[in-house]
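The structure appears below as structure tokens.
The chains referred to below are lettered A, B, ... by the order of the sequence lines, with proteins before strands, and numbering in each begins at 1.
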2 protein chains.
Amino acid sequence: MSTAPGSVQSIDRTLSILETLSAAPLGLSLSDLAAATDLHISTAHRLVNVLAEHGYALKDPSSGKYRLTLRTFEIGSRVSSVWNLLSSAKPQLDELAAVSQEAVHLVERDGHGIVYLYKAEPFQQLVRMDSHVGLRNPMYCTGVGKSILALLPPKAVKEIWETEAHPVFSPHTIVDFSDMQKELDRIRSRGYAIDDEEHEPGVRCIAAAIRNWAGAPVAAISISAPVSRMDAQAMERLLPRLLETSVQISRMMGFSD
Amino acid sequence: MSTAPGSVQSIDRTLSILETLSAAPLGLSLSDLAAATDLHISTAHRLVNVLAEHGYALKDPSSGKYRLTLRTFEIGSRVSSVWNLLSSAKPQLDELAAVSQEAVHLVERDGHGIVYLYKAEPFQQLVRMDSHVGLRNPMYCTGVGKSILALLPPKAVKEIWETEAHPVFSPHTIVDFSDMQKELDRIRSRGYAIDDEEHEPGVRCIAAAIRNWAGAPVAAISISAPVSRMDAQAMERLLPRLLETSVQISRMMGFSD
DNA sequence: AACAAAAATATCACATTATGAAAATTTAGA
DNA sequence: TCTAAATTTTCATAATGTGATATTTTTGTT
């Protein structure tokens, strides 16, 4: 582990510990943590205890394992954009879920990916979908992601495309750049995106971008359903609602036309 | 700024930067950040850039200010207890909000306080309440907090009481320890807690604890409403629902009787 | 536009600080 | 109870982070 110039070794290592712990739902023993982060056990001990002193981690008294506390949740929930979006969008999304009787997602763009900020589900309609608040996904294979890509400058799209891999999740996943460009053209002309089982087999969704005061596509919303329910008629019925909601939220973010 | 023995200066400072940024919705310039954290500007620059390299912060291109990214949200959302509780409790809480037509909260105990994990609101019922997901509150002045305190060992209650201050939020706030002990007795015998404008004037709520497999009160749920709506009859009507839901969730956490 | 002032970023010699080997202690297993 | 493993503490040492200074960039003013 060589520290990049301008970086700080102890912080690199501590963030590595933080991330390792966040991926371990059951917690980790000190030795496991040291092994997973490739640190000397003495160093791992010191660093995880610094996190503990600051309330970010603790040694679970019953299991003896280290795990993260809600301090990280607290800090993460305070990120300003989460605030802005959720406070203005939540009621609209709940209503959209209620009238469509399908799962509705709100995601925000973050760097080259999207992060799920909110999921509104209708009662009883339990669809197996592995989306959840806090999840990060790439843009190229999701409806929400593509709806955002379609409104980004071509240079940005290219940069994003070139700096990441494009795993195939299904036969429908778009992995060719010129195919993606055509798809983004379609999305621009239609005003919405369709994810036709490109990420999760069996799930189809329609998505629309949310734009801020500067017109930048900072977020997106979607309605997801099993392909059996999300057929042509369903899409025709749901699209006006989806677009209406996305426009409303965009307006609340300061976007005008 | 003297580093406590066993601690690591650069991490102390970086976490201080993280926390400062999380409290600044509009972001902070480098000099403001340095001033707020009492760091040399050169040091602040180096440390915030380490956070940026790891994707936790960024320098907003439009404003030139540093702010947190969704990386912190992503890490925070992965805390295992959030997972466990949310996945089992969410549908129940949504239903409770729907049948009661009032705001429902789920909180988890974290150290000496509670953190809001979920808020379910009925349509249209917009009550001014400054609760939100991620918020941390003390236990002594909230219904959820008191319902948890009531099931903790007396030693733990005493320890929590003695290590924190007890600001008065309203004439009803309980700030005397023996008063609190009587109140916790009442809560134990009734099986639920009432927050009668002890934290937010004008808001009354009923709360019940959620217990895990070991019987420990790890979380709590509540129904909140303006005092005008949350009168004796309303409480009589809502209590069975609240208790039923808390028992259901406790069962899903592995608690039996 | 040109200038001045302020803010942000990069450099680097140095002393402070984090490091990890080793010892001491605690916990778990036989 | 004893043994082995895991955790925690200690401490000498060198590597690492620090902050003064220099450079560059940005911002505001005439």
Side-chain angles (χ1 to χ4, degrees), chain A residues 1-21 24-69 80 111 214, chain B residues 1-69 214:
Chain A
M1 180 183 278
S2 63
T3 307
S7 196
V8 173
Q9 190 186 59
S10 59
I11 302 173
D12 290 347
R13 292 172 163 186
T14 303
L15 293 180
S16 163
I17 286 179
L18 192 76
E19 285 161 29
T20 302
L21 287 181
L26 302 172
L28 286 175
S29 70
L30 180 62
S31 26
D32 288 348
L33 183 61
T37 51
D38 209 20
L39 292 173
H40 190 280
I41 196 162
S42 177
T43 306
H45 179 254
R46 182 160 11 88
L47 298 182
V48 75
N49 274 302
V50 175
L51 284 178
E53 268 161 41
H54 287 270
Y56 288 81
L58 59 77
K59 187 175 178 177
D60 196 302
S62 55
S63 68
K65 298 186 167 195
Y66 287 96
R67 61 175 176 79
L68 295 187
T69 67
S80 53
Chain B
M1 177 181 283
S2 62
T3 308
S7 196
V8 174
Q9 189 186 60
S10 58
I11 301 173
D12 290 346
R13 291 172 163 185
T14 304
L15 293 180
S16 162
I17 285 178
L18 192 76
E19 286 161 29
T20 303
L21 286 181
S22 88
L26 302 173
L28 287 174
S29 69
L30 180 62
S31 27
D32 288 348
L33 182 61
T37 50
D38 209 19
L39 292 173
H40 190 281
I41 196 162
S42 176
T43 304
H45 178 254
R46 182 160 11 89
L47 297 183
V48 75
N49 274 302
V50 174
L51 285 177
E53 268 162 40
H54 287 270
Y56 289 80
L58 59 75
K59 187 175 177 178
D60 196 304
S62 56
S63 68
K65 298 187 167 191
Y66 287 96
R67 61 176 176 80
L68 295 186
T69 67

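Nearest nucleotide to the side chain of A:S10, out of C:dT9, C:dA18, C:dA10: C:dA18. Taking every side-chain heavy atom of A:H45 into account, D:dT8 is the closest of D:dT16, D:dT8, D:dT18. Closest to the side chain of B:I41, from the set C:dT9, D:dG19, D:dT7, is C:dT9. The side chain of B:L30 sits closest to C:dA8 out of D:dT21, C:dG20, C:dA8. Comparing atom distances between the B:S29 side chain and each of C:dA8, D:dA20, D:dT8 picks out C:dA8 as nearest. Residue A:K59 places its side chain closer to D:dT7 than to any other of D:dT18, C:dT19, D:dT7.
Atom-to-atom, CG of A:N49 to C1' of D:dT9 comes out at 11 Å; the value is rounded to the nearest Å. Distance B:D38 CG to D:dT18 C1': 15 Å, rounded to the nearest Å. The nearest whole Å value for the distance from the CD atom in A:E53 to the P atom in D:dT9 is 10 Å. What separates NZ of A:K65 from C1' of D:dT8 is a distance of 19 Å, to the nearest Å. Following rounding to the nearest Å, A:Q9 (CD) and D:dT18 (C1') show an atom-to-atom distance of 15 Å. Straight-line distance from the CG atom of A:L39 to the P atom of D:dT16: 13 Å, rounded to whole Å. One atom, CZ of B:R46, and another, P of C:dT9, lie 14 Å apart when rounded to the nearest Å. C:dT17 atom P lies 13 Å from atom CG of B:L47, rounded to whole Å.
A side-chain N or O of A:S10 and one of B:S10 form a donor-acceptor pair less than 3.5 Å apart.
The two residues B:T37 and B:S16 have their closest heavy-atom pair at CG2-OG, 3.4 Å.
Contact check, B:H40 against D:dA20: a side-chain N or O comes under 4.0 Å of OP1 or OP2. Contact between the side-chain N/O atoms of B:Y66 and the OP1/OP2 oxygens of C:dA7 is not found at any separation under 4.0 Å.
Along DNA chain C, the nucleotide closest to B:S31 and the one closest to A:S42 are compared, and the more 5′ of them pairs with B:S31. DNA chain D is contacted by both A:I11 and A:G64; A:G64 maps to the nucleotide lying nearer its 5′ end (nearest heavy atom per residue).
The pair A:D60-A:R67 meets the salt-bridge criterion, with a side-chain N (NZ, NE, NH1 or NH2) lying under 4.0 Å from an Asp/Glu carboxylate O.
Residue pairs that meet the salt bridge (Lys or Arg N to Asp or Glu O under 4.0 Å) test with at least one member in residues 19-31 of chain B, sequence neighbours left out, are A:R71-B:E19.
The side chain to side chain donor-acceptor pair (under 3.5 Å) test with B:N49 is passed by exactly one of B:E53, B:R46, B:H45: B:H45.
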